[in-house]
Amino acid sequence: MSKPNVEILRFVSGPFTRGNALAFADVRISLDGKQFFEYPDVKLFLDGRGRHISPKQEKTQYGWAYTYLIPEEFQDAIRRAMIQRYENERTGQLALGVR
């Protein structure tokens, strides 16, 4: 498989009042410019081991559940793209807020 190309369609960065979220993004993955996969509301968060991503979650009668899963081969590319965007906003290379 070729290297996935990540496009950030919407990006919202914190600070948020609750939780460990740093930012949320809608992302599109393309492979060879032919196949596209879109993932809404991917969360970039910070925990004791570093910065990670998480798919959108919804409250169910049994607790919280993911509304979709991100294939393992896309996760690192999405995480790197979101961290880069987050860092660019924090260092003043991009305006803060929703984009």
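Sequence positions, counted from 1, serve as the residue numbers for this chain. Predicted model, so just to flag it, every value in this text is computed and none were measured.
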Given Arg85, which of Glu87, Glu89, Met82 fulfils the side chain to side chain contact (heavy atoms under 4.5 Å, CB included) condition? Glu89
Looking at Gln75 and Ile53, would you say the former's side chain and the latter's main chain have a donor-acceptor pair under 3.5 Å? no
When you compare the side chain of Leu9 with that of Glu38, does any pair of heavy atoms fall below 4.5 Å? yes
Hey, mind stepping through Arg10 and Asp41 against side-chain contact (heavy atoms from CB on, under 4.5 Å) and telling me if it holds? CA-CA 9 Å; Arg10 179 186 63 93; Asp41 292 325; 2.5 Å; yes
How close do Tyr86 and Leu44 get, heavy atom to heavy atom, and via which atoms? CB-CD2, 4.0 Å
Please report the interatomic distance OH(Tyr39) to OG1(Thr67), rounded to the nearest 0.5 Å. 11.5 Å
Decide side-chain contact (heavy atoms from CB on, under 4.5 Å) for Arg79 and Val6; before the verdict, give the C-alpha distance in whole Å, the side-chain angles of both, and the deciding distance to 0.1 Å. CA-CA 10 Å; Arg79 184 181 65 80; Val6 179; over 6 Å; no
Taking the side chain as C-beta and beyond, is there a heavy-atom pair between Leu31 and Phe74 under 4.5 Å? yes
Donor-acceptor check, side chain of Tyr68 to backbone of Pro40, threshold 3.5 angstrom: yes or no? yes
Rounding to 0.5 Å, atoms CG (Asn5) and CZ (Phe36) come to a distance of 8.5 Å
Shared ILVMFWY cluster between Phe11 and Phe37, side chains joined below 4.5 angstrom? yes
Applying a strict under-4.5 Å side-chain criterion to I, L, V, M, F, W and Y, I'd like to know whether Leu46 and Ile83 cluster together. yes
With clusters defined by side-chain heavy atoms of hydrophobic residues (ILVMFWY) lying less than 4.5 Å apart, directly or transitively, does Ile8 cluster with Val42? yes
Donor-acceptor contact present, side-chain Asp47 to main-chain Gly50, <3.5 Å: yes
So do the side chains of Lys56 and Asp26 get within less than 4.5 Å of each other, counting heavy atoms only? no
Nearest heavy-atom approach of Trp64 to Glu58 is CE3-C, 3.3 Å
Mind listing the closest non-hydrogen atom pair of Gly14 and Arg90 along with its distance? O-NH2, 2.8 Å
To the nearest 0.5 Å, atom CG of Asn20 lies from atom CZ of Arg51 at 13.0 Å
Shortest non-hydrogen contact from Ala21 toward Phe16: O-CD1, 3.4 Å
